[in-house]
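Below you'll find the structure, written out as structure tokens, and then a few comments.
Letters A, B, ... mirror the listed sequences (proteins, then strands); counts begin at 1.
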There are 2 protein chains.
Amino acid sequence: MTQVVTSTVSSGPGARGAGESRRQAEILDRALDLVRENGLGGLTTKKVAERVGFTEAALYRHFPSKKALILGMMDRLEGMLVEPIRILAQDVSKTHSERLESIVRHHTMLVRRHNSLPILLLAEASVSDDVELLGRMRSIFHAYLSVLEGLLREGQSAGEISEETRADCLALMLLGAPAALAIRHRLLPDARAEDRFEEMLIPFLINSLKEAKGRS
Amino acid sequence: MTQVVTSTVSSGPGARGAGESRRQAEILDRALDLVRENGLGGLTTKKVAERVGFTEAALYRHFPSKKALILGMMDRLEGMLVEPIRILAQDVSKTHSERLESIVRHHTMLVRRHNSLPILLLAEASVSDDVELLGRMRSIFHAYLSVLEGLLREGQSAGEISEETRADCLALMLLGAPAALAIRHRLLPDARAEDRFEEMLIPFLINSLKEAKGRS
DNA sequence: TGGAAGTAAGTTAAGACTTACTAACCTCCA
DNA sequence: TGGAGGTTAGTAAGTCTTAACTTACTTCCA
């Protein structure tokens with residue numbers, strides 16, 4: 001009852017996330033494809049089964065409920081969004097701004113490669129009435145912002161980033177850029193504009209963090 | 001068939017948008033309340049009817065379909081988001097950056113007052129498979145970005161805003177801030193953090209537009 | 001007195017999940 | 001070593017609920 005992704009203890013090599021069997025991993029891959037195409041609201045157990053190539057009932061051999069499937073996707077989101085940026089944040093061979101830049105670039109890459117998947121999951125799950133789902137999203141979102149905020153604060157202490165504006169506000173700004181790109185990517189897809197975003201806007205944002213310092 | 005919000009030609013004083021009857025306006029108000037609470041995906045004709053205080057069938061006296069109701073809400077979104085900022089953008093008594101600031105403030109105020117309604121409609125409609133709905137969202141989104149971009153370009157010509165970064169990229173950044181605030185407002189509501197956002201981050205953003213000029 | 005606005009009670013479709021059954025594959029021991 | 005018994009992963013055909021929308025009938029008031 002309390003288990004979410006039932007599994008035969010970690011399992012073999014092909015498994016993606018911890019606690020995912022090979023087959024579960026494959027099903028999650030197909031389900032994530034569908035979310036990229038139609039959003040979380042458009043996800044049905046029937047479509048997932050069709051995409052995997054078996055019947056709806058077979059899906060329930062691998063996941064006890066649709067909710068468990070969605071929670072499995074949240075784990076994936078955490079794995080692709082939060083875990084990598086934690087690692088990027090700890091790379092002491094780079095300055096704080098360089099690390100922030102690589103985090104924003106990572107997020108941007110995810111948005112483009114996965115067709116705005118992060119914001120789709122975030123926005124659609126944010127209106128869910130399921131407390132567990134909502135809590136999971138909240139914790140992923142909070143974890144992401146915390147990494148940014150921590151790095152910004154360190155950069156401020158090191159005198160590398162302006163202390164004029166609070167780190168939590170700056171973190172929100174750094175999240176906003178890829179978020180806006182994601183909405184744009186969904187509604188007005190334009191690879192050229194997205195290239196420009198990466199080439200010009202990310203450096204601009206990172207630069208503005210220091211820039212303000214020279215003022216007053 | 002092509003009509004969307006059927007109406008008795010413009011109608012009396014209580015009507016909100018053009019082409020909305022008094023009763024239609026009231027129904028849209030209640031429907032928007034529901035979207036604020038549960039998102040577009042959670043909106044059902046039954047809930048709308050209940051909230052208004054009549055039966056589901058009565059709803060169909062005023063809107064030919066649920067889609068027409070949603071398009072009516074899109075009109076409202078345009079009315080509260082795009083129209084006001086067009087006016088703000090034309091206020092020649094202010095500098096371009098002052099106008100940009102008031103636009104971002106207006107958007108932020110909307111997000112807080114309407115519980116992130118704009119991004120909910122945007123994100124959820126962006127995965128709709130209905131071409132008309134999608135087109136409507138696209139056009140609202142595009143209109144919003146165009147106003148920002150035009151203003152930024154004017155500011156650049158006037159030498160008031162740095163020409164180093166393209167206006168379309170900067171416009172996306174200015175959209176990203178309220179978007180990020182909206183997600184945060186949904187997932188981690190915190191009025192104090194939102195106050196700080198308005199007090200500190202908006203000035204920071206606007207300032208960064210000029211700031212970069214002093215470089216090189 | 002006729003039309004605008006409402007109701008009760010449907011219909012139809014879709015979506016989450018279940019049930020009963022089966023074929024393939026282990027395992028283990030007489 | 002071959003077959004009994006168990007497990008895994010699958011199927012076909014349901015159930016049950018909800019959601020959008022309809023139909024036939026009523027009520028009220030200008």
Interatomic distance, B/Y60 OH vs C/dT11 C1' [rounded to whole Å]
13 Å
Could you state the atom-to-atom distance from CZ of A/F63 to C1' of C/dT18 in whole Å?
19 Å
Between B/R192 and B/D190, does at least one N-O distance fall below 4.0 Å, as a salt bridge requires?
no
Taking DNA chain D as the partner, which of residues 36-44 of chain B come within under 4.0 angstrom of it by heavy atom?
B/L43, B/T44
Just the table, please: protein N/O against nucleotides 1-8 of chain C N/O, every pair under 3.5 Å.
residue	atom	partner	partner atom	Å
C/dG6	OP1	B/R23	NE	3.1
C/dG6	OP1	B/R23	NH2	2.8
C/dG6	OP2	B/H62	NE2	2.7
C/dG6	N7	B/R61	NE	2.9
C/dG6	O6	B/R61	NH2	2.2
C/dT7	OP2	B/T55	N	2.7
C/dT7	OP2	B/T55	OG1	2.7

Does the side chain of B/H114 reach to within under 4.5 Å of the side chain of B/M80, using non-hydrogen atoms?
yes
Checking A/D130 against A/S128: is there a side-chain donor and acceptor pair closer than 3.5 Å?
no
Closest heavy-atom pair and its distance - B/R76, B/A25
NH2-O, 3.2 Å
Write down the distance between NZ (B/K66) and C1' (C/dT12), rounded to a whole number of angstrom.
16 Å
Between D/dA19 atom P and B/L69 atom CG, what is the distance in whole Å?
15 Å
Does a nitrogen or oxygen in the side chain of A/K46 sit under 4.0 Å from OP1 or OP2 of C/dG15?
no
Below the 4.0 Å mark, does D/dA20 have OP1 or OP2 next to a side-chain nitrogen or oxygen of B/T45?
yes
Does B/H107 have any ring pair (Phe, Tyr, Trp, His ring centres under 6.0 Å) partners at least two apart in sequence or in another chain, and if so, which?
B/Y144
Please check if the side chain of A/R30 supplies one atom and the backbone of A/V52 the other of a donor-acceptor pair under 3.5 Å.
no
Take atom CZ of A/R22 and atom P of D/dT8, then tell me their distance rounded to the nearest Å.
15 Å
Can A/H62 and A/Q24 be counted as having a side-chain donor-acceptor contact under 3.5 angstrom?
no
Please answer whether the main-chain N or O of B/K47 pairs with a side-chain N or O of B/T44 as donor and acceptor at a distance below 3.5 Å.
yes
